[in-house]
Structures are given as structure tokens and as C-alpha cells.
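Note that the structure is predicted; figures quoted are calculated from it, not measured.
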There are 2 protein chains.
Amino acid sequence: MFLDKHTLKKGGVINKIPKVVEIMSITIKDIAKELDISFSTVSRALRDDPQIAEETRKRVKKMAKSMGYRKSSIGSALVTGKNNVLGVIVTDMVRPFNLSIIGGAEKVARDNEFNIISCNSRSTLEGEKYATEVLMSQNVSGIIVASLSGFKDVDHILVARDKGVEVAVINRFINIDGIHTFVGEYLNSTICMMKHLFQEGHEEIAFVGFDKPLISQPVVERLAGYGRAMKEAGLKEDLVLRPNLEMNTTPEMEIEIGWELTEKILTRKHLPSAILAINDFFALGALRALYSKRLIVPNDITVVCCSDVVAPYQVPPLTTLREPYHIAGECAAQFLIERIKGNMLPIGYEKLDCQLVIRESCRCSLR
Amino acid sequence: MFLDKHTLKKGGVINKIPKVVEIMSITIKDIAKELDISFSTVSRALRDDPQIAEETRKRVKKMAKSMGYRKSSIGSALVTGKNNVLGVIVTDMVRPFNLSIIGGAEKVARDNEFNIISCNSRSTLEGEKYATEVLMSQNVSGIIVASLSGFKDVDHILVARDKGVEVAVINRFINIDGIHTFVGEYLNSTICMMKHLFQEGHEEIAFVGFDKPLISQPVVERLAGYGRAMKEAGLKEDLVLRPNLEMNTTPEMEIEIGWELTEKILTRKHLPSAILAINDFFALGALRALYSKRLIVPNDITVVCCSDVVAPYQVPPLTTLREPYHIAGECAAQFLIERIKGNMLPIGYEKLDCQLVIRESCRCSLR
DNA sequence: TTGTAGGCGTTATCAC
DNA sequence: GTGATAACGCCTACAA
């Protein structure tokens, strides 16, 4: 596997024009002048202030529309301190689940006439602090933190909170006064997946994954869910783990590891009937190992996984536990917007279930 | 294939606190008061104005830092009309290539202390117009339009341009005065891919794809590149196309179509040695058709494709032409930032090559 | 080299 | 109901 050197070829310049003359935007003063009324009346009319003559309101709105007026959000932000912008901090803008979070937030924001500014933390604490400052300097009204930089240092979050910025945290298992948290529910979700496998008649189920040195709640819960389900069903656990996996692995590395772990399984005399992988990429590694041995999924063996990134686009498409990233983004944005609008929802934490998505990598698709 | 009904379970509220008292941010006035100098001196010192005493500059900066000052971008934006924010308009925040564009822009923006606001057009002209207005109301300094809503109505882009906002367009084959455009180079890139196949000894190469009723430049160029390469090599074209495919297909639909088209090929007595799919999802359909016939890639047949969305995560990983989305985002952001900073680069168009990424779905990986 | 005053577009608080 | 006027945080002539 090798990559061609990237080439960037400049195209021809097809036209040159002098810098365009800047045209000023329409302001409430322009409208006021046109209508020969005071600009504060215009401001009130546009904001549907109750104490304004219906007649005036209509005239102003009509004129505003015909002149192509659009409120400058920075003007009002300067006065109100709120600007209908939410900031989202994610580790990076590459991993699909981060983009799901942003997408979810964006959807809700749009429906509420809010905007989104997104920043990377690059998975570092400094990055997260910097991103927070950037967002503060933009006077955002709320911040969604979806960047798992660690568990201890949350000063920047507290500073934001104390400056009156609403903050919501996604998938970080902390408990800070005044900070609402949305976390995935992985334990019961994993048990749910296991039950599905039991229903399909599986009894020998291998868990392919890893053990992190750092406490990662999702990892812990998935392992616990697998363990509890097997125990309750009176079955023997079959953990095939890469111990002490460092943070910041790439998908490629995880595929590699999933492959190796599965190959270990394939050297056994007796194979399990199903493999539950800890995430998409481990599952992909499993698929590759099976493919190289010409084992057919799900006819010869079932492969399912937690998380749902590229699983829909596999041959065959994988049954997964889709994590609630998009929904978390939606919920967090909705929560912040409500708070910003003055609806002081209670602060606490909310658990969001994963979604069992059944595709063609398990037995039930054969019937 | 079915989905469980999504369940959203509310978690327990673990703590309630009264609304946090709002703490005012530090402004230049606070610093001025603290240092007993005028606030304009502070403003100048912070902006490294040349006509300021070195001594004062240091004192001010030190104090600013110790007080945790951060410039309010809305304050300065109100005065200067620029706010170091770029807006990006994409069709949606779901398709990975859109996110690549945003990611590329974000990377460059970050390096230049700019921020990004992203909006959806939802693939409609109205959406694009609305997004443009939203961005204008945020007083963005520049806009990247990466939303292919059509070719005719570009008034909103002209309005933005005329208001002094720098605009760059990605992958839309238009020519507007004052608007810089970045477009992918698909013709030569496709020929490049074909040459690679020839080098591997392929002579019977089927093209699996579609013919759009609407003129889509990438589609046209890919078809033309395939045709020209085959012709120049003295080989016979083997086009397996779904004619008149409507716009807005889903990945699932494209997989389905790619599957069907490939199955047609598989009914032949003599099979081609390679398949070039028009995009990832058509290639995925091909993989599924081949898998169901137990044909091994690349041993029995080679599969490659244009575009590079989920191709890296296939079994086997697919050789592709990676489209320059991330790079386009980077280039567009860089261009806009330069212009905004006053470096008046000439306006025109630039072509960005696709990148041939060789993976394991073609013969050369076997050696 | 530094200080003063005016203004950017909007909202809010007075009067009238 | 409406109209002045004073903020908001910052920048920038102009003056000192």
C-alpha cells in the first residue's frame, strides 16, 4: 500500500478585476430615514415590541423587506451580550462521530435561528482551553464540549460558566456544578445486543477489543455488558483483548489489531459462532481475517460490533449498536438554546441509549 | 434490514443550581483603569501599533494577560466590519466530503486565527440564499460556497461580493466576475487511474456508473477520461451505465444500482479483468455482487473507483481517486484569508488534481 | 508618545 | 406610541 505524492496544479487565471467597491449594508437608520421616523421605532417594530402601532409595524417590516434589510447580529450582540451562536468543541473534524455531533447541533440550531461555530481541541487540554477562549471571544451564547481531553482540569469550563455562557458536555463522565452532561448508555445497550445474539441461538460469543489503561467509560461499560450478559445466560466469557491500548489510535491501527486478535481465534480447533467487536474498526479487522480464510459472514460466523461508523458500508453491512452522537448533538443544542432563551431547565445529566441496528452480518438476515 | 425504534431515555437530575451570577468580561477600559492610562493607548498597545512606547506595550500586554483579557471580536468587528470569521456553505453536514471541505477550511483558519461558521444549504437554492444571509448577518469576512445548488441564480453571491465579502466557490463550474473558483480536475485524474490499470496488464475494463440528465462536470469528465484512455490504448469501451439517474440518490440506492449493474456483467460468458466504478458506493455494490458469487478481489477481478469516501474501509481496501475536497477547503480558506488580510491575489479559477491512492483491490498488491 | 471624541448597529431607558 | 439619548467594546482620526 503506497500513496502517490500529492500534486496540486494551479489553474489558469481567467479574469482579473479590481477590488470591488464596498457597499454598506442597510441599517435600521436607513429604514428610519426612508420612513421619516426614529430609528428606535424601527428597532421596536422589527422586534415585534408589543407597544408599537400595528400600522407602523407593518410599514416598517414592509420597507425593511423591500430594502433588503438584515439585522446585524454583532450590533445586537454588543448590546445584549448574546448572539445566537453556539460553539461546539470536538477533538477533530475528521472522525465521523464528531461530525455527527456537529451535524446534530447544527440541525437544531438552524431550526432555532442559531448558528454554530466549531473548533478542534486536537485531543489536547491546551487545545480545548484555546478553543474555549476563541469561542468566548466570539461572544457565543453557549458551548457544547465534546472533547474528551481528560477528567481533571475543567477550569476553562468553569470560567465560561461563570461568565454566563451556557455549557453542555457530551460523553464526558464528570459532574460539575452548573454543567449539564449528556452521556451514552453503553451497559444496557451492549446487553441488548447480546440478547439479540442469544435469540439467534449463539452461545459461544467472542468479544474482540481492548483494555485501556485510562478509564474510558464506554469501554468499561461494553466489557461489563458483555460479561454480565454471558454470566446471566450461564455462558463462558471469551475475551480476546489487546491489553493497555494507548490512546489516539488510528482506524488503520485498530483494523490491524482487530485482524490479529481474530486470527488468534481462527487458530483454535473450535470456533465461536459469533464475534462482538468493540467498535467498527475492530470488526473490520475481524472481517478481513475471516475473508482471508474464506469464511463467509454470517453463514459461517456472525460479526457484530458496538459503534456505527463505516459499518453500514461493509460487505456484508454490519449489525451494530449505533452510538447516539447525532442525537447528543441535537439534545445538547436544544438544551442550551432553551436555557439561553430563558427557559431555565434543571441541570444534571442525561443518558442516551445506543440504537440496535440490525443488518446482514448476523444470522437473522439468513431467514 | 430493520431498525429498532429509537429510544431516548431521560437520566436523573443529579443537581440543581440557581442561575450563575454573570461576571463581566475584562475590557480594554478595565486594563486602562488598572494601569491609569487611556483605553486607546491600551487598544494600540495590544494591536502592536508601531507608534507606541515599547515600555507601555509590555506593561499593557503583561497586565492584559494577568487579568485574563481577551479581545471581544464583536466589538472590533463592529468598527472594522471584519471579524476574522469565514463562513462555509455546504449542502449538508452528513456527506463525508462536505465535512472534508469544512475540515480543510478549519485547519487553515485555525492556523491564521480565523474561525469558521458552517451552514447547510440542504441542496436547495433557497437554502443557499438563506445561509448566505445568515453569514452576512454575522458579518463574516469571507464565504466559501461549496453547495452545488445549480448554475443559474447567483444573485446572493453577487450581493455578498458587492458588500465587500470575499467569496470563493468550490466545485461549481461557473465563471462570475470577482469570484474565485476551485474545481476538481477529473478528466486527467481518471486517465491517470486508467494508465495504472493498463500498467497492471488490464485490457478489458468495465466502467460501472451512471449518466445524469443534468450536466455534472465530474461525471462527464470521468466518462470522458475512461473513454479517451480506452480509445488511445486501442481498446474497446465497456460502459455499464444506469441511464438518467435522478439527483439526490442515497448511498444505499447507489450500492443497490452498482450491485445490479455488476450482476449484469457477471452473467456474461467472459468477464472483464477490472471494474472502474464511478464512485465508492457503486464500487461497494460491485463488491457485494462479486462476494455473492464468491469471486475474490483482486485475485479474480480488480475493482477500483473514483472518489474516496468509505473505500479505505473495505475488504479489501479499494484503490481510488481521492477527490481534493480537504485540499479545496484548505485552498479556499487560504485564498480568502490572504485577500481579507489585504493581499489582493488575482481572481480566477484553480484546478485541483485528484490523488491516486493505491490500495489492495488491484493486482499490484499481489506482487 | 499619549489622550480625546466620535462612531460602528443595535437595544434599553428615559421622557414626552 | 414614539423619539431622543446613552450604553455595549473597540478602533481611529485628530489634537495635545
Side-chain angles (χ1 to χ4, degrees), chain A residues 22-61 64 67-85 136-141 163-164 342, chain B residues 22-61 63-64 67-85 133 136-141 163-164 342:
Chain A
E22 188 158 336
I23 296 175
M24 290 309 294
S25 293
I26 308 294
T27 73
I28 49 172
K29 288 183 184 170
D30 300 321
I31 300 175
K33 201 178 292 173
E34 202 68 25
L35 256 40
D36 202 36
I37 54 177
S38 87
F39 70 88
S40 45
T41 302
V42 175
S43 172
R44 277 191 280 255
L46 292 172
R47 276 176 298 122
D48 289 322
D49 189 304
Q51 46 177 0
I52 199 93
E54 181 63 20
E55 163 71 14
T56 325
R57 207 176 59 92
K58 277 184 187 161
R59 274 178 60 217
V60 169
K61 289 210 167 179
M67 294 177 75
Y69 168 82
R70 179 161 262 274
K71 180 166 86 175
S72 160
S73 74
I74 62 168
S76 60
L78 194 53
V79 180
T80 60
K82 308 277 168 200
N83 65 351
N84 283 19
V85 173
M136 300 286 289
S137 81
Q138 296 288 332
N139 271 47
V140 296
S141 310
K163 287 199 176 171
Chain B
E22 188 158 339
I23 296 175
M24 290 310 293
S25 293
I26 308 295
T27 74
I28 49 173
K29 286 183 185 170
D30 299 321
I31 300 175
K33 199 178 294 173
E34 202 70 26
L35 257 40
D36 202 34
I37 56 179
S38 90
F39 63 86
S40 52
T41 303
V42 175
S43 170
R44 277 191 277 258
L46 291 173
R47 275 176 302 118
D48 288 323
D49 190 304
Q51 46 177 357
I52 199 90
E54 181 64 16
E55 163 71 14
T56 322
R57 208 175 58 88
K58 276 185 188 159
R59 273 179 59 219
V60 170
K61 288 211 168 181
M63 178 57 76
M67 293 177 75
Y69 170 81
R70 179 160 263 273
K71 182 166 84 175
S72 158
S73 76
I74 62 168
S76 57
L78 196 53
V79 178
T80 62
K82 309 277 168 200
N83 66 351
N84 283 19
V85 173
E133 286 194 10
M136 301 286 289
S137 79
Q138 296 288 331
N139 268 47
V140 296
S141 310
K163 288 200 175 171

Quick one: is C:dG3 close enough that its OP1 or OP2 comes under 4.0 Å of any side-chain N or O from B:S38?
yes
Tell me: CG of B:L46 to P of D:dC10, nearest whole Å?
9 Å
Give me the atom names and distance for the closest heavy-atom approach of A:D48 to A:K61.
OD1-NZ, 3.0 Å
Between B:D49 (CG) and C:dG3 (C1'), how many Å, whole number?
14 Å
Separation of C:dT1 P from B:I52 CD1 (nearest whole Å)
8 Å
What pair of heavy atoms forms the shortest contact from B:I31 to B:M63, and how long is it?
CG2-CG, 3.9 Å
Contacts of B:I74 that satisfy side-chain contact (heavy atoms from CB on, under 4.5 Å) - sequence neighbours left out:
A:I74, A:A77, A:L78, A:N139, B:S72
What is the distance, to the nearest angstrom, from the NZ atom on A:K33 to the C1' atom on C:dG9?
14 Å
Atom NZ of A:K29 and atom P of C:dT11 are separated, to the nearest Å, by 13 Å
Please examine the side chains of B:V60 and B:I37, heavy atoms only from C-beta on, and report whether any two atoms are closer than 4.5 Å.
yes
Does any part of the side chain of B:V85, heavy atoms only, come nearer than 4.5 Å to the side chain of B:Q138, both counted from C-beta?
no
Measure CG/B:N139 against P/C:dT10 and give the value in whole Å, please.
10 Å
Tell me: CD1 of B:I37 to P of C:dT4, nearest whole Å?
12 Å
For the residue pair A:S25 and B:K163, establish whether any side-chain heavy-atom pair is separated by less than 4.5 Å.
yes
Treat primed atoms plus P, OP1 and OP2 as sugar-phosphate and everything else as base, then score nucleotides 11-16 of chain D 5' to 3': B for base contact with protein heavy atoms under 4.0 Å, S for sugar-phosphate contact only, - for none.
BBB---
Rounded off to whole Å, could you give me the NZ-to-P distance for the B:K82 and C:dG9 pair?
14 Å
Check: B:S137 side chain, A:S73 main-chain N or O, donor-acceptor pair, under 3.5 Å:
no
Once you apply a heavy-atom cut-off of 4.0 Å, does A:T56 come out as touching a base, just sugar-phosphate, or nothing?
sugar-phosphate
Give one of base, sugar-phosphate or nothing for B:I74, where a contact means two heavy atoms less than 4.0 Å apart.
nothing
